[in-house]
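First up is the structure itself, then whatever we jot down about it.
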Amino acid sequence: MADEDATAIKILGDRSTSDVIVRLRTKDGRDDWFYCHSEILVKHSKYFAERLSDDWPTCQLLDSRNCIEVYFDESDFDHHVNILRLFYAADNLVTDLWQNVKNALGILKVATTLGCAQIISKCVQYLEAVPWEENEEEEVIKSLPSLGSEAIPILARLQPVDPTAVRNVFLSAMHVALSANKRYFDLPTSPDELKTSAQEQVEYMLIEDDDAPLLAADEHVKYEVKKHIVELFTNFEKEMASLLSETDVIEDSESRVLKFLSDLLWLCHILPKMDLLSDFVSKWEEASDYILRIIQDIRFGSAMWETKLKVIEITAKVLEAVGYGNVILSAPRRTHLVKVWLPFMRETKPQLDLQNFHEKLPYEMDNDLFQSIESAIISLVLALPSIDQAEILADWLKTEQARYPDLSEAFEVWCYRSKAAKRRLSLGLNGVSSTSTVSSVGH
């Protein structure tokens with residue numbers, strides 16, 4: 001207690017009681033004197049304790065006092081001054097000098113150089129506890145390598161996370177990203193912002209940019225995501241059925257259906273990153289007849305344009321995946337996709353264009369979307385058995401909307417292939433006509 005009382009009455013800069021001058025000097029010529037007390041310097045700093053010990057050569061004398069010169073860069077001047085002030089400060093005032101992350105880092109750097117164990121501990125506690133702005137985080141990362149092992153706790157929030165923890169966060173985020181469609185979330189206070197954030201971060205965790213993806217989708221992750229896909233389609237089909245219910249208001253039912261469609265479209269973007277797009281495509285192909293039966297109901301002939309457009313956008317993703325071979329389906333299922341969706345596309349686009357011409361709706365099937373659908377259907381048709389191609393092309397040519405989409409390219413290729421196939425069948429093994437072969441044997 002006596003020692004604490006003696007220390008308490010010491011004041012930085014008090015020339016009358018000082019026995020040491022700390023001379024802070026910079027390479028640019030700055031030279032500031034601070035009247036200090038050896039017992040305080042020794043107590044708080046290994047560097048000053050060593051300089052004032054009997055093992056150190058005799059200190060320079062200045063103004064009849066021992067003088068310790070400290071050289072540093074101009075940018076660290078304030079931090080050195082703050083270190084001296086902290087030597088004299090009561091413990092409960094220590095954090096008042098931190099001010100911000102950058103200042104605390106500067107003090108920590110100087111404290112490390114001067115061997116100030118107590119101040120290092122206080123700086124580390126402060127930096128470990130307070131939030132960092134993005135630019136401050138960069139400063140922390142840049143500074144820590146030179147600060148020694150004492151600063152390791154600051155890195156805790158920046159350490160790579162265990163893969164199991166990443167997986168748990170991802171699956172929880174997937175639950176939030178798709179759960180806003182459940183009935184218990186369907187309220188005016190629905191956490192749409194949280195849902196949007198979850199979807200953004202799920203995509204970020206999967207994306208490969210300058211760094212590798214944060215998550216590698218293992219079998220456990222895929223299994224859980226597949227469960228989400230099945231659940232989403234099940235609830236979506238139930239919600240679609242509510243459109244035909246006389247007890248529900250159509251606008252309310254459509255609003256809920258649109259939420260499902262938005263989530264289904266979002267899944268189209270992220271599932272390829274987990275090699276799960278085939279599961280989605282398979283479910284969409286299976287549900288196609290049911291979906292079309294409802295949205296083509298006579299009562300929706302000139303309504304639900306936003307819903308129809310969303311359905312077209314999702315179908316475009318499915319047609320592209322199958323048409324370009326990214327997802328493999330059997331020939332009957334590929335034929336089914338074309339036969340189900342081609343009539344809907346060719347009927348809906350002119351209707352939508354006409355509706356937009358009269359009412360200027362905010363929904364339209366833009367050229368990029370239309371072109372992607374047309375190209376995908378052409379690729380799909382050309383990969384089907386020739387008999388299925390013939391049936392699809394015959395139906396397409398009979399319609400008034402034969403240019404929605406334009407399958408002329410597929411028609412031309414089919415004609416060429418059909419003639420070539422006929423020629424091949426009429427030739428023998430060595431390219432000789434099978435008719436000529438028979439005649440030769442007869443003679």
Side-chain angles (χ1 to χ4, degrees), residues 95 98 100-102 104-105 108-109 111-112 117 120-182 184-185 190-233 263-280 326:
T95 54
W98 297 166
N100 53 53
V101 170
K102 184 176 181 180
L105 278 172
L108 178 56
K109 176 183 174 184
T112 302
I120 290 173
S121 176
K122 293 291 185 180
C123 283
V124 168
Q125 290 176 25
Y126 174 83
L127 290 168
E128 190 275 331
V130 300
W132 305 336
E133 300 291 341
E134 185 176 353
N135 62 321
E136 291 174 336
E137 184 168 314
E138 292 300 320
E139 286 290 328
V140 171
I141 295 171
K142 192 186 329 179
S143 301
L144 285 182
S146 63
L147 298 179
S149 59
E150 294 89 347
I152 288 177
I154 303 174
L155 285 173
R157 72 180 74 174
L158 301 174
Q159 293 296 325
V161 182
D162 178 85
T164 301
V166 173
R167 183 177 65 189
N168 291 339
V169 171
F170 177 83
L171 293 176
S172 295
M174 279 293 297
H175 176 76
V176 174
L178 297 173
S179 64
N181 293 300
K182 293 182 178 179
Y184 58 80
F185 270 139
S190 176
D192 291 332
E193 291 184 6
L194 177 59
K195 174 182 175 181
T196 301
S197 176
Q199 290 184 347
E200 289 174 353
Q201 296 314 309
V202 163
E203 192 162 357
Y204 179 75
M205 292 171 78
L206 292 169
I207 197 170
E208 184 173 2
D209 43 28
D210 294 337
D211 300 310
L214 183 58
L215 176 90
D218 57 22
E219 290 307 311
H220 177 72
V221 169
K222 290 181 180 181
Y223 174 76
E224 293 298 326
V225 173
K226 285 179 182 179
K227 286 167 58 178
H228 280 297
I229 295 172
V230 172
E231 181 183 16
L232 186 61
F233 268 93
D263 285 353
L264 289 167
L265 187 58
W266 174 71
L267 279 178
C268 289
H269 292 294
I270 69 159
L271 290 179
K273 299 177 177 65
M274 292 183 280
D275 294 326
L276 289 176
L277 186 58
S278 59
D279 293 79
F280 181 94
N326 298 319

(request) Starting at CG of Leu232, measure out to CG of Leu264 and round the result to the nearest 0.5 Å. (result) 4.5 Å
Less than 3.5 Å apart, which donor and acceptor atoms pair up between the side chains of residues 197-207 and the rest of the protein, not counting sequence neighbours?
unit_1, atom_1, unit_2, atom_2, d
Gln199, NE2, Ala177, O, 3.1
Gln199, NE2, Asp263, OD1, 3.1

(request) Sequence neighbours left out, what passes salt bridge (Lys or Arg N to Asp or Glu O under 4.0 Å) with Glu138? Give chain and number order. (result) none
(message) Just to verify, what does Val230 make a side-chain contact (heavy atoms from CB on, under 4.5 Å) with, not counting sequence neighbours?
(response) Thr234
(request) Drop me the distance from Glu219's CD to Lys226's NZ, to the nearest 0.5 angstrom. (result) 7.0 Å
(request) Check step by step if side chain to side chain contact (heavy atoms under 4.5 Å, CB included) holds for Val101 and Glu133. (result) CA-CA 9 Å; Val101 170; Glu133 300 291 341; over 6 Å; no
(request) Kindly compute the distance separating NE2 (His228) from CG (Leu276), expressed to the nearest 0.5 Å. (result) 12.0 Å
(message) My understanding is that only residues two or more places apart in sequence, or in another chain, count here; which of them pass side chain to side chain donor-acceptor pair (under 3.5 Å) with Lys273?
(response) none
(message) Suppose we screen for side-chain contact (heavy atoms from CB on, under 4.5 Å). Which residues come up paired with Glu128, at least two apart in sequence or across chains?
(response) none
(request) Using a 4.5 Å cut-off on heavy atoms from C-beta on, say whether the side chain of Val130 contacts that of Trp132. (result) yes
(request) Take Ile229 and Leu271, measure what side chain to side chain contact (heavy atoms under 4.5 Å, CB included) needs, and give me the verdict at the end. (result) CA-CA 10 Å; Ile229 295 172; Leu271 290 179; 3.8 Å; yes
(request) State the OG1-CH2 distance between Thr196 and Trp266, to the nearest 0.5 angstrom. (result) 10.5 Å
(message) Within the 4.5 Å heavy-atom criterion, are Ile270 and Val225 side-chain neighbours or not?
(response) no
(request) Name all residues meeting the side-chain contact (heavy atoms from CB on, under 4.5 Å) criterion together with Lys102; count only those two or more places apart in sequence or in a different chain, and write none if there are none. (result) Asn100
(request) Identify, with sequence neighbours excluded, every residue that meets salt bridge (Lys or Arg N to Asp or Glu O under 4.0 Å) alongside Lys222. (result) none
(request) First locate atom NZ of Lys227, then atom CE of Met174, and finally report the distance between them rounded to the nearest 0.5 Å. (result) 12.0 Å
(message) With heavy-atom distances below 4.5 Å as the criterion, would you say the side chains of Tyr126 and Leu108 are in contact?
(response) no
(request) Calculate, to the nearest 0.5 Å, the distance between atoms CG and CG belonging to Leu127 and Leu155 respectively. (result) 11.0 Å
(message) Under the rule for side chain to side chain donor-acceptor pair (under 3.5 Å), what residues qualify as partners of Ser121, not counting sequence neighbours?
(response) Gln125
(request) Determine whether Leu214 and Val166 make a side-chain contact, defined as any pair of heavy atoms from C-beta on separated by less than 4.5 Å. (result) yes
(message) Please find the pair of heavy atoms, one from Pro272 and one from Cys268, that lie closest to each other, and give the distance.
(response) CD-O, 3.2 Å
(request) Find out whether Glu139 and Asn135 are in side-chain contact, i.e. whether some heavy atom of one side chain is under 4.5 Å from a heavy atom of the other. (result) no
(message) Give me the atom names and distance for the closest heavy-atom approach of Cys123 to Ala104.
(response) SG-O, 3.8 Å
(message) Could you work out, with ring pair (Phe, Tyr, Trp, His ring centres under 6.0 Å) as the rule, every residue matching Phe233, not counting sequence neighbours?
(response) Phe280
(request) Please examine the side chains of Leu105 and Glu136, heavy atoms only from C-beta on, and report whether any two atoms are closer than 4.5 Å. (result) no
(message) Please list all pairs meeting side chain to side chain donor-acceptor pair (under 3.5 Å) that have one or both residues in residues 156-173, counting only residues at least two apart or in different chains.
(response) Asp162-Thr164, Arg167-Asp218
